[in-house]
Asker: 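Below you will find the structure I want to go over with you.
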Amino acid sequence: MKKILITGAKGFLGKHVTELLKDKYELLTPSKGRLDVTSLKNLNEYIFYHKPDCVIHLAAVCGGIGANQKSPADFFLKNSQMSLNILSSCNILNIKKLITLGSVCSYPKFTPVPFKEEDIWNGYPEETNAPYGIAKKNLLVGCKAYNDQYGSNFIHLIPVNMYGEYDSFDPEKSHVIPALLKKFIEAKERNKPSVTVWGDGSASREFLYAGDCAKAIELSIEGYNSPEPMNIGTGQEISIKDLVVLIKDIVGYEGEINFDESKPNGQPRRCLDTSKAKKELNFVAETTLEKGLEKTYNWYINE
């Protein structure tokens, strides 16, 4: 049975990937305390001792607009360190396959919609999350460089904004969907007359259920062996205003919605061209946004 190391296995996406792969592969799922990917020494020792056939690199320091604005240096430095370490260690220790995950934040601020993989170098990322997005681009550059120089099998997948069970609902760290769910749940519980949402609601986003992303990762273990990046998403976008109404209805909140236009919208639009994943992996996201939101809401309430 193939042995796979998952960095960040205890994180949001890591739990979805672990759940999907646990009966199909021998999995190594160390906690951050056992494997610190920012330490090259720790990483080398762990991989040398356990000898995985494949590494799925999910470990990251990430968060929403607020967290990106508060800690841009941390987001840049720690993610860059992890990127460089995982590439170096997997090369030195002859790992047969490395699957890395990038970020839609790496795309230029004004990328034509839908985002095509070849557009990723055509401009600077949206400013509020550029340090994170650029750090993630290290993985893309590194995969191609190591493949070119050493014949490595390092690949790079670019998922769009994800959500689902196990996501962080911490207001300081959460992305848009858990942040909104938490706001509406608390407003309903406390009978608040209104909820305030960052931005004017005009920005659009594409959202991918994390379980679907896990499926794309599973398919790529055997089905994709090119250093060229590949988008992973649904190919469908929704405005923040419409998303807010959808979440309000799922939670059952009956108050008013106020948009705080003094707060940033982030990137104006995000929607990926997912035709490459369909062609190369026969991957199509199966979970509708409404169904995924209901699953996330129910998980959070039960937790």
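Not measured: the values here are computed from a predicted model.
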Asker: Check the surroundings of atom CD in Glu186: do more than 12 heavy atoms from other residues, nucleotides or ligands lie under 6.0 Å from it?
Answerer: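 Enclosed.
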
Asker: Hey, does the side chain of Lys215 reach the backbone of Phe283 with a donor-acceptor pair shorter than 3.5 angstrom?
Answerer: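 Here the side-chain-to-backbone pair does not exist.
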
Asker: Could you tell me whether a side-chain N or O of Asp36 sits under 3.5 Å from a main-chain N or O of Lys32, the two making a donor and an acceptor?
Answerer: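 Looks like no, no N/O pair under 3.5 Å.
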
Asker: Does the distance from a Lys or Arg side-chain N to an Asp or Glu carboxylate O, for Glu206 and Arg269, drop under 4.0 Å?
Answerer: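 Arg269 and Glu206: not salt-bridged.
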
Asker: With the threshold set at 4.0 Å, does a side-chain nitrogen-carboxylate oxygen contact exist between Arg205 and Glu237?
Answerer: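 Salt bridge between Arg205 and Glu237, a charged N being under 4.0 Å from a carboxylate O: no.
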
Asker: As an exercise, state the distance from CG of Leu181 to NZ of Lys183, rounded to the nearest 0.5 Å.
Answerer: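 One gets 12.0 Å once the value is rounded to the nearest 0.5 Å.
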
Asker: Just by modelled atom types, is the Ala59 backbone N or O under 3.5 Å from a matching donor or acceptor in the Thr7 side chain?
Answerer: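 Between the backbone of Ala59 and the side chain of Thr7 there is a qualifying donor-acceptor contact (under 3.5 Å).
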
Asker: May I ask you to decide if Glu286's main-chain N or O and Asp212's side chain share a donor-acceptor pair within less than 3.5 Å?
Answerer: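 Yes: the side chain of Asp212 pairs with the backbone of Glu286.
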
Asker: Evaluate the side-chain proximity of Lys144 to Phe154: yes if any heavy-atom separation is below 4.5 Å, no if none is.
Answerer: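 Answer no - side chains too far apart.
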
Asker: Is Ile238 close to Ser204 at the side-chain level, that is, under 4.5 Å between some pair of heavy atoms?
Answerer: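 Answer no - side chains too far apart.
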
Asker: Give a yes or no on whether the backbone of Thr288 and the side-chain of Lys291 come within a donor-acceptor separation of less than 3.5 Å.
Answerer: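 Here the side-chain-to-backbone pair does not exist.
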
Asker: Is a side-chain donor-acceptor pair under 3.5 Å present for Lys97 with Asn225?
Answerer: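 On atom types as modelled, these side chains qualify, holding a pair under 3.5 Å.
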
Asker: Honestly curious: do Leu21 and Met1 fall in one hydrophobic cluster under the side-chain, below-4.5 Å linking rule?
Answerer: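 Different clusters.
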
Asker: His16 and ring pair (Phe, Tyr, Trp, His ring centres under 6.0 Å): which partner among Tyr209, Tyr163, Trp299?
Answerer: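 The ring pair (Phe, Tyr, Trp, His ring centres under 6.0 Å) with His16 is passed solely by Tyr209 among Tyr209, Tyr163, Trp299.
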
Asker: Is the cationic atom of Lys22 (NZ for Lys, CZ for Arg) positioned less than 6.0 Å from the six-membered ring centroid of Tyr25 and within 45 degrees of its normal?
Answerer: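 No cation-pi geometry.
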
Asker: If we only count heavy atoms from C-beta on, is the Tyr46 to Arg34 side-chain gap below 4.5 Å?
Answerer: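 When only atoms from C-beta onward are counted, Arg34 and Tyr46 do touch, with a gap below 4.5 Å.
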
Asker: I need the Glu189 CD to Phe184 CZ distance, nearest 0.5 Å.
Answerer: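 Rounded to the nearest 0.5 Å, the CD-CZ separation comes to 14.0 Å.
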
Asker: Judged by modelled atom types alone, do Tyr107 and Asn231 share a side-chain donor-acceptor pair under 3.5 Å?
Answerer: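 Yes, because at least one side-chain N or O of Tyr107 sits under 3.5 Å from a partner of the opposite role on Asn231.
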
Asker: Within the 3.5 Å criterion, strictly below it, is a donor on Thr111 or Asp119 matched to an acceptor on the partner's side chain?
Answerer: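 Short answer, no.
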
Asker: Do Leu77 and Leu87 belong to the same hydrophobic cluster, where Ile, Leu, Val, Met, Phe, Trp and Tyr are linked whenever their side-chain heavy atoms lie under 4.5 Å apart, directly or via other members?
Answerer: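 Each belongs to a different hydrophobic cluster.
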
Asker: Minimum heavy-atom separation for Gly233 and Ala285, please, with both atom names.
Answerer: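 Shortest heavy-atom separation between Gly233 and Ala285 comes out as O-CB, 3.9 Å.
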
Asker: Can a donor-acceptor pair be found, under 3.5 Å and without considering hydrogens, that links the side chain of Asp273 to the backbone of Pro114?
Answerer: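 No: the side chain of Asp273 does not pair with the backbone of Pro114.
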
Asker: Can any side-chain N or O of Ser39 pair as donor or acceptor with the backbone N or O of Asn42 at less than 3.5 Å?
Answerer: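 Yes; judged by distance alone, with no hydrogens or angles, the pair exists.
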
Asker: Tell me whether Glu228 is salt-bridged to Lys276, with the criterion being a basic N under 4.0 Å from an acidic carboxylate O.
Answerer: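 The answer is no: the pair does not qualify as a salt bridge.
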
Asker: For Ile247, run the side chain to side chain contact (heavy atoms under 4.5 Å, CB included) check against Val251, Ile250, Val244 and tell me which one passes.
Answerer: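 The single option meeting the side chain to side chain contact (heavy atoms under 4.5 Å, CB included) with Ile247 is Val251.
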
Asker: To the nearest 0.5 Å, tell me how far Leu139 CG sits from Asn79 CG.
Answerer: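 If I round to the nearest 0.5 Å, the distance is 8.5 Å.
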
Asker: Out of curiosity, does Phe48 fall in the hydrophobic cluster containing Ile95 (side-chain heavy atoms, cut-off under 4.5 Å, transitive links)?
Answerer: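 Yes, Ile95 connects to Phe48 through the hydrophobic network.
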
Asker: To the nearest 0.5 Å, what is the distance between CG (Leu93) and OH (Tyr49)?
Answerer: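 Leu93 CG to Tyr49 OH: 15.0 Å, rounded to 0.5 Å.
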
Asker: Got Leu101 and Pro159 here, is their nearest side-chain heavy-atom distance under 4.5 Å?
Answerer: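 They are in contact (side-chain heavy atoms under 4.5 Å apart), so the answer is yes.
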
Asker: Count the heavy atoms of every other residue, nucleotide or ligand shown that sit under 6.0 Å from NZ of Lys78, and state whether that count exceeds 12.
Answerer: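 For Lys78, atom NZ is not crowded (no more than 12 foreign heavy atoms under 6.0 Å).
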
Asker: Closest approach of Thr29 and Lys10, non-hydrogen atoms and distance?
Answerer: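 Looking at all heavy atoms of both residues, the closest pair is O-CE, 3.0 Å.
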
Asker: Is any side-chain heavy atom of His50 less than 4.5 Å from a side-chain heavy atom of Leu5?
Answerer: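 SC-SC contact between His50 and Leu5 ruled out.
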
Asker: Counting only heavy atoms not in Glu294, do more than 12 sit closer than 6.0 Å to its CD atom?
Answerer: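 For Glu294, atom CD is crowded (more than 12 foreign heavy atoms under 6.0 Å).
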
Asker: Can Phe12 be reached from Ile301 by stepping across I, L, V, M, F, W or Y side chains whose heavy atoms are under 4.5 Å apart?
Answerer: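 Yes; Phe12 is reachable from Ile301 via cluster members.
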
Asker: Determine whether the aromatic ring centres of Phe76 and Tyr132 lie less than 6.0 Å apart.
Answerer: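 No; Tyr132 has its ring centre 6.0 Å or more from that of Phe76.
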
Asker: Taking the side chain from Lys278 and the backbone from Val284, do they hold a donor-acceptor pair closer than 3.5 Å?
Answerer: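 Not at all, since once roles are kept as given, no pair shorter than 3.5 Å links the two residues.
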
Asker: Any chance the side chains of Asn265 and Asp200 put a donor and an acceptor closer than 3.5 Å?
Answerer: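 Asn265 vs Asp200: donor-acceptor pair found between side chains.
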
Asker: How about Leu293 and Ile177: do any of their side-chain heavy atoms sit closer than 4.5 Å?
Answerer: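 Yes, at least one pair of side-chain atoms sits under 4.5 Å.
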
Asker: Output yes when a side-chain donor or acceptor of Ser88 lies under 3.5 Å from a complementary backbone atom of Leu84, and no otherwise.
Answerer: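 Here the side-chain-to-backbone pair does not exist.
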
Asker: Is a side-chain N or O of Ser89 found less than 3.5 angstrom from the main chain of Asn85, in a donor-acceptor match?
Answerer: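 Side chain of Ser89 to backbone of Asn85: no pair is present.
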
Asker: Hey, mind stepping through Ile4 and Ile221 against side chain to side chain contact (heavy atoms under 4.5 Å, CB included) and telling me if it holds?
Answerer: CA-CA 10 Å; Ile4 298 178; Ile221 294 171; 3.8 Å; yes

Asker: Is there a path of hydrophobic side-chain contacts, each under 4.5 Å between heavy atoms, that joins Leu246 and Met162?
Answerer: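 Linked within one cluster.
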
Asker: Is there a salt bridge (charged side-chain N to carboxylate O under 4.0 Å, His left out) between Glu127 and Lys109 once you walk through the steps?
Answerer: CA-CA 8 Å; Glu127 293 81 2; Lys109 182 175 182 177; 3.1 Å; yes

Asker: How close do Pro125 and Cys105 get, heavy atom to heavy atom, and via which atoms?
Answerer: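 Heavy atoms of Pro125 and Cys105 come nearest at CB-O, 3.3 Å.
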
Asker: Minimum heavy-atom separation for Ala216 and Ile232, please, with both atom names.
Answerer: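 Minimum heavy-atom contact is CB-CG2, 3.6 Å.
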
Asker: Please give me the minimum heavy-atom distance between Leu13 and Ala214, naming the atom from each residue.
Answerer: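 Leu13 and Ala214 have their closest heavy atoms at CD1-N, 4.3 Å.
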
Asker: Quick one: do Tyr224 and Ile217 satisfy side chain to side chain contact (heavy atoms under 4.5 Å, CB included)? Show the steps, please.
Answerer: CA-CA 10 Å; Tyr224 191 65; Ile217 292 169; over 6 Å; no

Asker: Can you tell me how far OG of Ser103 sits from CG of Asn161, rounded to the nearest 0.5 angstrom?
Answerer: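 Atom-to-atom, Asn161:CG and Ser103:OG are 7.5 Å apart.
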
Asker: Answer yes or no: is there a side-chain heavy-atom contact under 4.5 Å between Leu219 and Asn282?
Answerer: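 The answer is no, as the side chains (C-beta and beyond) never meet within the 4.5 Å cut-off.
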
Asker: Can you see which heavy atom on Pro178 is nearest to which on Phe169, and at what distance?
Answerer: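 Scanning both residues, the minimum pair turns out to be O-CD2, 3.4 Å.
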
Asker: Report the distance from atom CD1 of Ile99 to atom CD1 of Ile86, rounding to the nearest 0.5 Å.
Answerer: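 So the CD1 of Ile99 and the CD1 of Ile86 are separated by 11.5 Å.
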
Asker: Run the salt-bridge test on Lys15 and Glu19 with the 4.0 Å N-O cut-off and return the result as yes or no.
Answerer: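 No.
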
Asker: May I ask you to decide whether Lys96 forms a salt bridge with Asp53, counting only side-chain N to carboxylate O separations under 4.0 Å?
Answerer: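 The answer is yes: the pair qualifies as a salt bridge.
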
Asker: Regarding Tyr253 and Lys192, do their side chains bring together a donor and an acceptor under 3.5 Å, going by distance alone?
Answerer: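 Result is no, nothing qualifies.
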
Asker: Quick one: are Val113 and Leu272 in side-chain contact, heavy atoms under 4.5 Å?
Answerer: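 Sidechains of Leu272 and Val113: no contact.
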
Asker: For the residue pair Thr100 / His156, report whether a side-chain donor-acceptor contact shorter than 3.5 Å exists.
Answerer: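 The criterion, which ignores hydrogens and geometry beyond distance, is satisfied for Thr100 and His156.
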
Asker: Does Lys137 form a side chain to side chain contact (heavy atoms under 4.5 Å, CB included) with Ile120? I'd like the steps, not just the answer.
Answerer: CA-CA 9 Å; Lys137 276 188 174 182; Ile120 199 163; 3.8 Å; yes

Asker: Distance alone, cut at 3.5 Å: any donor-acceptor contact between the side chains of Asp260 and Thr196?
Answerer: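 Thr196 and Asp260 do not have a side-chain donor-acceptor pair below 3.5 Å.
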
